[in-house]
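Shown next, in structure tokens, is the structure this report addresses.
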2 protein chains.
Amino acid sequence: MARTIDRNARKVQLAQAVWQVILDRGISAVSVRTVAEQAGVVVGSLRHVFPTRAELLQFSAELMVQRATDRVLTVREGSDPAEYALEVLKNFLPLTADSRAELEVNIALIAESPALPQLVAIRNHAYEELGNACLRLTEMLACRPNDPELVERARHLHAVLDGLAIHLLMDPPTNDSTWATVILEKELARIIRNR
Amino acid sequence: MARTIDRNARKVQLAQAVWQVILDRGISAVSVRTVAEQAGVVVGSLRHVFPTRAELLQFSAELMVQRATDRVLTVREGSDPAEYALEVLKNFLPLTADSRAELEVNIALIAESPALPQLVAIRNHAYEELGNACLRLTEMLACRPNDPELVERARHLHAVLDGLAIHLLMDPPTNDSTWATVILEKELARIIRNR
DNA sequence: AGCAAACTAGCACACCCGTGCTAATCTCAG
DNA sequence: CTGAGATTAGCACGGGTGTGCTAGTTTGCT
């Protein structure tokens with residue numbers, strides 16, 4: 001054997017190159033050549049890890065979802081449930097350069113799904129997970145676990161969350177974005193008030 | 001002179017071909033050749049109307065915004081303000097095949113904006129218009145025109161609207177979608193209740 | 001040291017890309 | 001009918017695309 005070295009690290013490096021190309025030049029500019037160049041490797045090396053373009057994009061999408069998941073798992077449950085919920089949900093808003101890029105890439109990959117059917121499964125899974133998270137937080141805030149009535153309320157919250165995410169993406173990144181978290185707080189307060 | 005015929009109709013025909021290609025094969029598949037083939041014309045003819053690819057995509061985006069605007073303008077103000085507001089806003093949700101395709105194309109074009117900077121201006125304009133519409137409806141429902149306090153409430157509504165739009169896009173088109181309008185009604189009811 | 005596996009590097013092919021360009025065809029005003 | 005401008009048709013160029021393929025090079029276990 002030889003350098004069994006971090007094959008996964010190489011994959012991550014290449015996925016990040018994919019993201020960068022998407023951010024800089026749009027999804028149409030993503031090719032094995034542009035990505036390899038962005039990553040500073042030759043095409044042959046890239047194709048040793050990802051034999052086809054589809055595999056490259058699929059991994060890039062999966063890693064992005066993984067990143068978001070990991071980020072939200074770092075939030076520790078505190079004393080105040082509302083504060084905890086807010087912290088968790090803020091992780092799904094593009095408030096930092098990283099999460100902003102994440103969302104931008106996400107949208108680009110969704111737009112490409114007609115050509116890459118594998119991507120819709122990834123997207124659907126992430127969507128369901130986020131929906132479940134909203135439901136769990138709603139049940140927690142309302143202190144009524146397993147109440148089917150809360151499903152609609154959770155969907156409402158989920159809609160606000162994704163809507164805010166898009167609106168933040170429209171604003172230039174330098175703009176003040178506290179208004180978004182204020183609206184999110186209001187939405188959480190509604191759930192608590194109606195508990 | 002010769003057939004000064006509907007040059008604009010031809011443009012519309014080509015724009016629709018663009019949409020169809022995006023829907024079927026993703027934004028990356030949009031080229032002058034694929035679009036011309038989809039429209040049933042040769043590349044030369046397409047390029048007589050749209051000399052460059054950028055012009056083709058720009059017009060396609062603008063027409064899409066125009067379509068949505070036209071659609072919403074057909075709603076007549078009725079007796080019940082809440083009902084009127086709901087009808088207006090429902091036009092921005094992908095509830096029909098047409099509006100669904102519209103949103104899908106919209107997202108694809110947004111994803112391509114790094115490569116086509118003209119698209120972000122179109123997108124921003126549409127976004128602002130929708131924001132203004134939400135504000136006007138909110139003021140109407142709350143019976144408090146020009147109350148700056150309503151700006152945040154209108155943004156909240158706007159977020160719910162766009163969030164629901166995305167969620168409807170995730171669901172297969174055949175699925176029941178009344179839940180979305182129910183949530184929208186609830187959001188409007190909140191505005192009225194707090195008037 | 002030796003060697004097999006992992007990795008890098010790159011050539012080659014057939015195909016699609018946008019666009020400049022010319023020639024043929026059509027259609028109506030005169 | 002005639003001719004001019006609108007429209008269609010298509011060739012050609014340089015360049016980018018994904019991927020099959022073959023050599024070189026490195027690496028670490030035995």
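Below, chain A is the first sequence line, B the second, and so on; all start at residue 1.
- Rounded to a whole Å, the CZ atom of B/R53 is 15 Å from the P atom of D/dG16.
- A donor-acceptor pair shorter than 3.5 Å cannot be found between the side chains of B/D171 and B/H167.
- When the C1' atom of C/dG10 is taken as reference, atom CD of A/E37 falls 15 Å away, rounded to whole Å.
- The side chain of B/S31 places an N or O atom within less than 4.0 Å of a non-bridging phosphate oxygen (OP1 or OP2) of C/dG18.
- Atom CZ in A/R7 sits about 16 Å away from atom C1' in D/dT26, given to the nearest Å.
- Toward the 5' end of DNA chain C, the nearer of the two residues A/R10 and B/V30, judged by each one's closest nucleotide, is A/R10.
- Applying the 4.0 Å criterion to OP1 and OP2 of C/dC7, one finds that A/S45 has every side-chain N and O outside that range.
- Straight-line distance from the CG atom of A/N8 to the C1' atom of C/dC7: 16 Å, rounded to whole Å.
- Distances were taken from every side-chain heavy atom of B/V42 (C-beta onward) to each of C/dT19, D/dT8, C/dA9; the shortest belongs to D/dT8.
- One side chain, B/D70 or B/Q66, offers a donor N or O that lies under 3.5 Å from an acceptor on the other.
- Defined by atom type and a distance below 3.5 Å, a donor-acceptor pair is present between the side-chain atoms of B/T178 and B/D176.
- Separating the CD atom of B/E112 from the C1' atom of C/dG18 is a distance of 14 Å, rounded to the nearest angstrom.
- Residue B/L46 contributes atom CG, which lies 14 Å from atom C1' of D/dG10 at whole-angstrom precision.
- Within a 6.0 Å sphere centred on CD of A/E37, other residues, nucleotides and ligands contribute 12 heavy atoms or fewer.
- Between the CZ atom of B/R47 and the P atom of D/dC11 there is a distance of 15 Å, rounded to whole Å.
- Residue B/F50 contributes atom CZ, which lies 16 Å from atom P of C/dG20 at whole-angstrom precision.
- Taking only side-chain nitrogens and oxygens, A/R33 never comes nearer than 4.0 Å to OP1 or OP2 of D/dG16.
- For the atom pair CG (A/N132) and CG (A/L137), the distance works out to 11.0 Å, reported to the nearest 0.5 Å.
- For C/dT8, neither phosphate oxygen OP1 nor OP2 lies less than 4.0 angstrom from any side-chain nitrogen or oxygen of A/H48.
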